[in-house]
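The sequence lines fix the lettering, A, B, ..., with proteins before strands; numbering per chain opens at 1.
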Amino acid sequence: MADYIWLIPVFPAIGFLINGLLGIKFPKTLTAWVACLSVFCSFVVSAIIFKQFLDLPAEARVFEMTAFDWIVSGDFSTQIAFRIDALSIIMCLIVSGVGSLIHVYSVGYMHGEAGFRRFFTYLNLFVFMMLILVTADNLLLMFVGWEGVGLCSYLLIGYYYEKDSAANAGKKAFIVNRIGDLGFLLGVFLLVTTLASNGVWTLKYSELQANAHLLTPALAMAITLLFFLGATGKSAQIPLYVWLPDAMEGPTPVSSLIHAATMVTAGVYMIARLNFFYTMAPTTLLVITIIGLLTAFFAATIGCAQYDIKRVLAYSTVSQLGYMFVGVGAGAYAAGIFHLMTHAFFKGLLFLGAGSVMHAMSGELDMRKMGGLRKKIPITYWTCFIACLAIAGVPGLSGFFSKDEILWMTYSRNGANIWFWLFGAATAGLTAFYMFRMFFNTFHGTCRASEEVKHHIHESPKVMTIPLMVLAVLSLVGGYVGVPHLLGGSNYIEKWLEPVFGHAPAPAAQSMHAFDLSVIGNAFASSGASGTVHETSAELYLMIAAIVIGLSGIFIAWLFYVKNPELPKKFVKKFDGLFNLVHNKYFVDEIYGFIFVNNLFRLGNLCKNFFDEKIIDGIINGTASLVAGMGGLLRRLQNGLVQGYAFAMILGAIFVLYFMIRMIP
Amino acid sequence: MTVMSIPILSFLIFFPLLGALLLLFVDRKYSLFIKGFTLVFSLIELAFSIPLFFLFNDKAKTMQFVEKVGWFPEWGINYFLGIDGISLLLLLLTTFLTVICVLCSWNSIEDRIKEYYITFLFLETAMIGTLCSLDLVLFYIFWELMLIPMYLLIGIWGGPRRIYAAIKFFLFTMAGSVLMLIAIMALYFFYYNATGVYTFNVLDLYQASIPIAKQYWFFAAFALSFAIKVPMFPVHTWLPDAHTEAPTAGSVILAGVLLKMGTYGFLRFAIPLFPAAAFDAVPIISILAIIGIIYGAIVSMVQPDLKRLIAFSSVSHMGYVMLGIFAFNMQGLQGGIYQMLNHGISTGALFLIVGMVYERRHTRMISDFGGLAKTMPIFAVFFMIITLSSIALPGTNGFVGEFLILLGAFKSNMVYGILATSGVVLGAVYMLWMFQRVMFGTITKEANRNLKDLGAREILILSSMVFFIILMGVYPKMFFNKMDTTVTEYLGFIKAKNAQYRVLTPSPEQTGAVVKSLSNMTK
């Protein structure tokens, strides 16, 4: 019954081939149908398998199949082989499900584009590669998908290739990702050679897990850190996040699908997939937590000072990805995947909403030229509202449950580290603030667009609004698969993923310091409780505190942008330097450019102009002019007559023979 | 020994020569006939080489399709041919690329057409002869014969600086060859003194026990000759000039086959003849290979000329091959051999691509292009796929080779592996930046506005290259099967032979193992 799991990735490949090879003469509708149906077929197969999983006992929820041998050299061998289990089926459903919706949306969004077929060909190729990534049963095949999605990202960011900024952004994305891939590859090499020295040659997840004990703690740390470097590239974490904001040059559905809902979460998926190694390497987990927290906070601050709505969303994505890493860094892989899923819903929706706003505003992206769109594009307005509430962590919506789970895990799994929690919670506050800053600026107040743009404002067609509505529903209810025990839920998703991640270890929070708790308790819940506080009340306090922080973010945004629109201007004037620093993204791009890019080119020119042309060729040409006579001779020989050369050859051969005869004693 | 009674290798060697001789009698005014005739000959050659792939017994440990005829038996010179899993694949690459070269020269060569195609057929004979020879004299003759047609291709049908480039090419390779010739003779007399037998038979010479001090000298002479051909840093500077000035087909065959003769020479001669020296040379060669990888990539990055850029990328890619071979483990060796094929396909294809735009625009300067994706969409797709193969994207042939090489290198020396892997990033930098400047952006030069997209012949050429790029990337097993046994035996042999020199007082078991693996190699 597992024989057909390869169909999941193959359907979009078929769509890719049909549109790519045969589609030159296709009308747009046919191209669109082929593209959308191929992805939808994958979704159907995924859903069928999911249904089968539901009927099976938890341990039996693994389907595997091997297609053929791929790279086999000596003892090393890898197969083209697929594995669907509790984790990859969730990923498959997200990728093909959200993917289908975005395909449908794109039919409307890209309608007037000359490169319509090219767009859908790339998009199908992307879904194919992404599904390879999540269904692979070994690390090397995962790497095929890993680099494959990077390629599609490159192609789609550079979709408007005539624009230099788009072509540059695509190239930047690819190269920065390659730096991460370097880490991935080195991780694979170190892993293979380490296991090989113990007589085990494999990259298959199940066999890796079985042999994980062969790694020493130091090696486990090195390997997991190398893989994490790969994740920082693909999932845009410090220090390799710089490509993602630029990636917004791509068409908006691309930003939604690739740069929010699916591809950028590949790093989180990879770490979750290799959880058995990461659990062995506490230092790596700590590094991941810290990088995740820093990225989340840092990107959120930048998000507060951008005017381009897609840039705000891009930094928000970087920030939210940071959250997911905080989750997996705490060893709470299920929480990370849970947030990955809800994020796919609400962030995918936000990008599609932004696309719908652009559609209405004749392509405008600057929120300073928007405002008051609430009445004119009501469906976009309401769906975006839901998404904003979800990402801000308002209780009851999907983002609340997943974010809260991560915050709690950060606290409890890291030895009740209140600082980690505070960092995370502050980021949540910032998130609520910048999301509603964007929301109020776009939809509320007076419209600041030019008369001509105003005249054209209209709601998007159904083909675009229906995906918005579906995603809005998912953003509303998607969190209920992970309602914590505290609120009377059963945290179903955690239980579902247990066969992959194992039983959650007992929270370390039991050893927490009463002091930390009392701070929280006094500050936010004014319970005054101290001394015999137990875990449940800690979770409750922290949850309430996080809610309060999130709501205050929204409140401040409301104060700034609805109640008193002059306030932000005053604020910017007062903190001019700080604002510029943040608005210019802390000048990280410029610093990287100065340190790495410039010096690389300087080195290249030095090698070319000095070393190659002066030193080496200098020696050669010097030698050559020493034997100038010989050179002149050769020049004369070079007369182009074949006979002459044949003669020379025969002469040479005779010389060789003569030489040989002479040498024989 | 031969599976079939007909001397297939001799046929493959001399059939193109026959074509060249027949062409001598054709009047030069029938240019279409000359082209057609050459195409038919190269196609027949290809058709006869393909069965080798299927008839080749991939379980056999010895040379296959062997032909041995005494030539000057009293001096130990024999007409001795045979192929193993390594030369088989290179031979097929040669016959395939020759057809491609004839096709791509169809319209681009307008001058001295007759001589051009004669030269090309002659070159094919020399290349295949080099790959099949198992006698050092025979090998050396073919090796030198390759030099002449290539020299002519550059010197006659080349670009404006062709004379400089041709002489530079000639001097570099000649310098190496002379050294090799001396080493061959010295080896010959050494063997005679040791055994009382005159022989140039490589398989016999493999068995010789050469003192380490002598091995160093022999190896150095062979290695220098081959390193120039590869080319390895720092003797690579002839390559950019030769490539830049050569006509398209010349560049394709130069990159596709001639450079491989350098690495093939290491595999067939320098390493198994002098294994102890080869093992001792690992640090030098690996470090030069790594410098080549990084240096080639960095210099590529700043080249203003497309052909020079690709030429330097060859230095980088061939550095991978050398690194893989000298990892002396299964993954490195097989990856290295596979990368030889990959490089032949993908760099050959890149030169074809450049040739195609050159025919349209008569310039190779990157700054003269920009925005071509708009005017030549079909071309853009091919160019993209070939570029990706060159930067070793998984799913293309380049990845399989590069991955195994790096894995092998990492396994034998972690530092080498780490350093070489950085080339993965640099490769993406120079290729994608080049691609962007040629294909993306707006059209700034009027001349680019009305370029014709690819025609049927060009699509056929590039499709066949892309076919192999994908096939070799997705199902490499087909090719690995052919070389598995050869490489396993090869590795066992050189390791045992090397161990022989290391063990001063060998224990009985060790001697037994050495003798056993040595006897496996003898037929």
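- In terms of modelled atom types and a separation under 3.5 Å, the side chain of A:W70 and the main chain of B:G473 share a donor-acceptor contact.
- The two residues B:L407 and A:F76 have their closest heavy-atom pair at CD2-CD1, 3.8 Å.
- For A:N177, no part lies near chain B; criterion is any non-hydrogen pair under 4.5 Å.
- For the set A:D164, A:T194, A:L185, the entry with the most heavy-atom pairs within less than 4.5 Å of chain B is A:L185.
- Judged by distance alone, with hydrogens and angles left aside, the side-chain atoms of A:R178 form a donor-acceptor pair with the main-chain N or O of B:V424 at under 3.5 Å.
- For B:L491, no part lies under 4.5 angstrom from a heavy atom of chain A.
- Atom NZ of B:K374 has 12 or fewer neighbouring heavy atoms from other residues, nucleotides or ligands inside a 6.0 Å radius.
- Heavy-atom distances place both the backbone and the side chain of A:V144 under 4.5 Å from chain B.
- Contacts with chain B were tallied for A:N609, A:V192, A:N168; A:N168 has the most, counting heavy-atom pairs under 4.5 Å.
- For the atom pair B:K477 NZ and A:D69 CG, the distance stands at 4.0 Å (nearest 0.5 Å).
- Aromatic ring centres of B:Y295 and A:F611 lie closer together than 6.0 Å.
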Applying ring-ring contact (aromatic ring centres under 6.0 Å, His included), run through A:Y160 and B:F440 and close with a yes or a no. CA-CA 9 Å; A:Y160 299 111; B:F440 294 160; over 10 Å; no
Hey, mind stepping through B:L432 and A:Y154 against side-chain contact (heavy atoms from CB on, under 4.5 Å) and telling me if it holds? CA-CA 10 Å; B:L432 289 182; A:Y154 163 78; 3.5 Å; yes
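- Of the two parts of B:Q436, only the side chain, counted from C-beta on, holds a non-hydrogen atom closer than 4.5 Å to a non-hydrogen atom of chain A.
- Across B:L406, B:T488, B:I418, B:D484, the residue that shares the most heavy-atom pairs under 4.5 angstrom with chain A is B:L406.
- Heavy atoms of B:T421 lying under 4.5 Å from chain A belong to its backbone as well as its side chain.
- Ranked by heavy-atom pairs shorter than 4.5 Å toward chain A, the options B:V381, B:T237, B:L388 are led by B:T237.
- The part of B:A392 that comes within reach of chain A is its backbone (N, CA, C, O), which places non-hydrogen atoms under 4.5 angstrom from that chain.
- B:T442 and A:E162 share no donor-acceptor pair across their side chains, judged by distance under 3.5 Å alone.
- The two atoms that bring A:K608 and B:P304 nearest to each other are CE-CD, 4.0 Å, heavy atoms only.
- If you measure heavy-atom distances from B:V474 to chain A, the contacts under 4.5 Å come from both the backbone and the side chain.
- Remark: aromatic rings of B:W433 and A:F601 are close, center separation under 6.0 Å.
- Both the backbone and the side chain of A:L600 have a heavy atom closer than 4.5 Å to some heavy atom of chain B.
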Where do B:F480 and A:V72 land on the side-chain contact (heavy atoms from CB on, under 4.5 Å) test, with the steps shown first? CA-CA 8 Å; B:F480 275 75; A:V72 179; over 6 Å; no
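- Nearest heavy-atom pair, A:C607 versus B:V299, reported as atom, atom and distance to 0.1 Å: CB-CG2, 3.5 Å.
- Taking CD of B:Q331 as the start and CD1 of A:I71 as the end, the distance is 11.0 Å to the nearest 0.5 Å.
- Note that the CG atom of A:L182 and the CG atom of B:L426 stand 9.5 Å from one another [nearest 0.5 Å].
- You'll find the ring centres of A:Y161 and B:F435 outside the 6.0 Å limit.
- Of the two parts of A:L603, the backbone and the side chain both hold a non-hydrogen atom closer than 4.5 Å to a non-hydrogen atom of chain B.
- Contact annotation for B:N481: neither backbone nor side-chain heavy atoms come within less than 4.5 Å of a heavy atom of chain A.
- Contact record, B:Q334 with A:S73: OE1-OG, 2.7 Å, taken as the closest heavy-atom pair.
- Heavy atoms closer than 4.5 Å to chain A are found nowhere in B:F479, neither backbone nor side chain.
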Would A:F143 and B:F403 satisfy ring-ring contact (aromatic ring centres under 6.0 Å, His included), going step by step from the backbone distance to the final call? CA-CA 11 Å; A:F143 191 66; B:F403 175 80; 7.9 Å; no
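- Between A:F68 and B:Y475, the angle of the ring planes goes over 60°, which puts this pair in the perpendicular group of the 30/60° scheme.
- Atom CE of B:M414 sits about 10.0 Å away from atom CG of A:L186, to the nearest 0.5 Å.
- At a 4.5 Å heavy-atom cutoff, the contact between B:I391 and chain A is made by backbone and side-chain atoms alike.
- For the set B:P394, B:G395, B:P476, the entry with the most heavy-atom pairs within less than 4.5 Å of chain A is B:P394.
- Both the backbone and the side chain of A:L190 come within contact range of chain B, each with at least one heavy atom under 4.5 Å from a heavy atom of that chain.
- Neither the backbone nor the side chain of B:M483 comes within contact range of chain A; no heavy atom of the residue lies under 4.5 Å from a heavy atom of that chain.
- Heavy-atom pairs under 4.5 Å with chain A peak, among B:G370, B:A373, B:G408, B:G371, at B:A373.
- Using a 4.5 Å cut-off between heavy atoms, B:Y338 does not touch chain A at all.
- Between the NZ atom of A:K171 and the CE atom of B:M434 there is a distance of 12.5 Å, given to the nearest 0.5 Å.
- Heavy atoms of B:L404 lying under 4.5 Å from chain A belong exclusively to its side chain.
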